[in-house]
Chemist: 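Before I ask anything, let me first share the structure, which is written out below as structure tokens.
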Amino acid sequence: MSDPTSVPSRQGEETWPHQALRQPAVAAGWPAPTRDVGVDAGDRLSEPRYRLDPRARRMWLIAELIQSVIWTAILGAAAYAAIRILERAWLWPTAIALAIIVPSLIWAFVGPAIRYRQWRYEIRDEEVDLQHGVLVKTRQLVPMSRI
């Protein structure tokens, strides 16, 4: 009985799992598909093992706070303009600005911790596996030839 993963000795004969791998590249410049060496299907299907550096949370927090300050300045100026130029009562423009600013500030402190828990990565011989996303999980496999 022959091994189903072995390469046949006669040219033109292909065994099932490697038949598609021996086809020429579809477009010029694209590498032909290759068999994964050292990476089994279980490794590809499992969640990446490593988390980001904890300092990433601090960086995301700073970025979110900067974004919140910018939104606060824009909405504060719009509320001030609505009160002064349009001669409106201060209650509604201020309430609308606060309704946008307060959730933004809350997310600035809560968001980085939630995002940090969702990020995973793993660096393998042939690819980098990235997984991230809070509401929608995204999984990216980046070949080492692209890095």
Side-chain angles (χ1 to χ4, degrees), residues 3-7 12 14-147:
D3 181 17
T5 60
S6 65
V7 178
E14 300 279 343
T15 56
W16 168 74
H18 306 297
Q19 186 175 14
L21 297 177
R22 302 221 191 299
Q23 299 297 324
V26 176
W30 287 86
T34 59
R35 180 175 44 169
D36 290 332
V37 178
V39 177
D40 62 2
D43 284 345
R44 282 189 154 207
L45 296 177
S46 65
E47 187 174 83
R49 291 183 265 185
Y50 305 109
R51 289 182 180 247
L52 294 176
D53 187 45
R55 293 179 291 181
R57 283 185 291 195
R58 189 177 324 132
M59 184 208 53
W60 287 334
L61 173 67
I62 291 169
E64 291 284 343
L65 286 174
I66 290 171
Q67 182 178 355
S68 294
V69 166
I70 292 170
W71 276 113
T72 301
I74 291 170
L75 291 171
Y80 180 78
I83 292 168
R84 286 291 191 196
I85 296 171
L86 299 176
E87 298 177 359
R88 301 283 182 191
W90 64 272
L91 181 63
W92 285 109
T94 305
I96 292 171
L98 287 176
I100 296 171
I101 293 168
V102 170
S104 175
L105 287 172
I106 291 171
W107 180 252
F109 288 101
V110 175
I114 293 172
R115 286 193 341 201
Y116 178 77
R117 280 188 267 142
Q118 301 302 319
W119 257 97
R120 299 270 190 283
Y121 76 95
E122 188 168 346
I123 300 173
R124 299 188 188 111
D125 290 337
E126 295 193 14
E127 64 196 6
V128 175
D129 188 359
L130 304 171
Q131 178 178 317
H132 57 89
V134 177
L135 297 177
V136 177
K137 288 223 178 212
T138 302
R139 182 106 182 247
Q140 295 174 318
L141 295 173
V142 182
M144 284 295 190
S145 61
R146 301 281 175 153
I147 297 177

Chemist: Determine all donor-acceptor pairs shorter than 3.5 Å in which one atom belongs to a side chain in residues 94-104; sequence neighbours excluded.
Modeler:
residue	atom	partner	partner atom	Å
T94	OG1	W90	O	2.6
S104	OG	S68	OG	3.0

Chemist: Determine the interplanar angle of the W119 and H132 rings, folded into 0 to 90°, and report it as parallel if under 30°, tilted if 30 to 60°, perpendicular if over 60°.
Modeler: parallel
Chemist: Can you see which heavy atom on P48 is nearest to which on Q131, and at what distance?
Modeler: CD-OE1, 3.3 Å
Chemist: Are the side chains of R58 and P112 in contact, using a 4.5 Å heavy-atom criterion?
Modeler: no
Chemist: Evaluate D53 against Y116 for side-chain contact (heavy atoms from CB on, under 4.5 Å), listing each step before the verdict.
Modeler: CA-CA 9 Å; D53 187 45; Y116 178 77; over 6 Å; no
Chemist: List the steps and the verdict of side-chain contact (heavy atoms from CB on, under 4.5 Å) for R115 and R57.
Modeler: CA-CA 8 Å; R115 286 193 341 201; R57 283 185 291 195; over 6 Å; no
Chemist: Working to the nearest 0.5 angstrom, can you tell me the gap between Q67 CD and T72 OG1?
Modeler: 10.5 Å
Chemist: Is there a salt bridge (Lys or Arg N to Asp or Glu O under 4.0 Å) between E122 and R124 once you walk through the steps?
Modeler: CA-CA 6 Å; E122 188 168 346; R124 299 188 188 111; 3.7 Å; yes
Chemist: Apply the test side-chain contact (heavy atoms from CB on, under 4.5 Å) to residues D125 and M144: give CA-CA distance (whole Å), side-chain angles for both, the deciding distance (0.1 Å), then the verdict.
Modeler: CA-CA 8 Å; D125 290 337; M144 284 295 190; over 6 Å; no
Chemist: Evaluate L65 against F109 for side-chain contact (heavy atoms from CB on, under 4.5 Å), listing each step before the verdict.
Modeler: CA-CA 8 Å; L65 286 174; F109 288 101; 3.9 Å; yes
Chemist: Is it the case that more than 12 heavy atoms not belonging to W92 sit under 6.0 Å from its CH2 atom?
Modeler: no
Chemist: To the nearest 0.5 Å, what is the distance between NZ (K137) and CD (E47)?
Modeler: 5.5 Å
Chemist: According to ring-ring contact (aromatic ring centres under 6.0 Å, His included), who are the partners of Y50, at least two apart in sequence or on a separate chain?
Modeler: Y121
Chemist: With no hydrogens and no angle check, is any side-chain donor or acceptor of R120 less than 3.5 Å from a backbone partner on R117?
Modeler: yes
Chemist: Are Y80 and P93 side-chain neighbours, meaning at least one heavy-atom pair lies under 4.5 Å?
Modeler: no
Chemist: Would you compute the distance between atom CZ of R49 and atom CG of D129 and round it to the nearest 0.5 angstrom?
Modeler: 10.0 Å
Chemist: Side chains of W60 and L52: does their closest heavy-atom pair fall under 4.5 Å?
Modeler: yes
